[in-house]
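Below, read A as the first sequence line, B as the second, and so on, with proteins coming before strands; counting in each chain starts at 1.
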Amino acid sequence: RKEVEQDPGPFNVPEGATVAFNCTYSNSASQSFFWYRQDCRKEPKLLMSVYSSGNEDGRFTAQLNRASQYISLLIRDSKLSDSATYLCVPSGTTDSWGKLQFGAGTQVVVTP
Amino acid sequence: GAGVSQSPRYKVAKRGQDVALRCDPISGHVSLFWYQQALGQGPEFLTYFQNEAQLDKSGLPSDRFFAERPEGSVSTLKIQRTQKEDSAVYLCASSLLGMAGGSEEQYFGPGTRLTVT
């Protein structure tokens with residue numbers, strides 16, 4: 001089993017709709033989590049950090065389920081500019097100081 | 001405020017050639033990471049520096065890959081005797097501190113797209 005698994009999508013979402021997708025992780029010791037967005041042929045950029053049970057930033061909400069070892073990202077009122085690939089990355093542990101495992105990403109396509 | 005820069009942005013190498021990829025992190029950032037990203041995949045960890053110390057190189061695919069950061073700022077990733085399977089985007093990222101588990105934001109450079117023919 002991969003350490004981080006994401007549904008690759010694409011999730012085709014009408015503009016204004018809500019979309020949600022999950023990321024499952026295998027390392028139960030992960031304490032913090034990050035969602036990065038990556039536009040086509042661009043570098044990843046941080047979207048949201050999650051240090052406790054969840055986080056909300058405007059139209060974006062992340063929720064962490066430690067018992068089932070997954071983290072979700074929900075996007076409300078989708079905009080065309082939300083079209084991107086969303087990468088999930090759990091933080092490492094003190095045993096793997098800087099080594100981070102990114103998921104393969106979930107592609108979201110917002111359509112007019 | 002400059003971000004992370006990488007050069008060259010594009011590199012085409014013939015199989016068997018050596019290449020050197022450069023990363024200039026954000027000034028003052030302690031941690032520096034190299035990733036390899038194949039098409040349709042997330043970034044795959046290669047190696048990690050804290051200042052000039054290479055603390056983890058477990059992701060380097062073979063001994064043809066070598067990274068250094070001699071003065072704790074600029075880093076170079078060198079690939080010797082390139083193979084076709086080395087074709088990918090090589091991303092560099094830096095972060096301010098050296099927090100355990102990488103639990104802080106990483107700032108990525110634009111990447112170097114390497115094509116081995």
> Does anything in residues 38-45 of chain A get under 4.5 Å of chain B by heavy atoms, and if so which residues?
Replying inline: Q38(A), R41(A), E43(A), P44(A)
>> Applying the side chain to side chain contact (heavy atoms under 4.5 Å, CB included) criterion to Q50(B), which one of L32(B), L55(B), D56(B) satisfies it?
In response: L55(B)
>> Under the criterion side chain to side chain donor-acceptor pair (under 3.5 Å), I'd like the reasoning laid out for E105(B) against S49(A): C-alpha separation, chi angles, the key distance, then a yes or no.
In response: CA-CA 8 Å; E105(B) 178 179 2; S49(A) 307; over 6 Å; no
> Do the ring planes of Y86(A) and F21(A) sit parallel (below 30°), tilted (30 to 60°) or perpendicular (above 60°)?
Replying inline: tilted
>> Does any backbone or side-chain atom of Y36(A) lie under 4.5 Å from a heavy atom of chain B? Answer side chain, backbone, both or neither.
In response: side chain
> Hey, what's the ring geometry for F108(B) with Y35(B), parallel, tilted or perpendicular (30° and 60° as the breaks)?
Replying inline: tilted
>> Strictly by disulfide bond (SG atoms under 2.5 Å apart), give each pair with a member in residues 18-66 of chain B just once, sequence neighbours left out.
In response: C23(B)-C92(B)
> Among G59(B), S58(B), A38(B), P43(B), who wins on heavy-atom pairs under 4.5 Å with chain A?
Replying inline: P43(B)
>> Under the side chain to side chain contact (heavy atoms under 4.5 Å, CB included) test against Q17(B), which residue among V12(B), T82(B), I79(B) passes?
In response: T82(B)
>> Is the shortest side-chain heavy-atom distance between F65(B) and D86(B) below 4.5 Å?
In response: yes
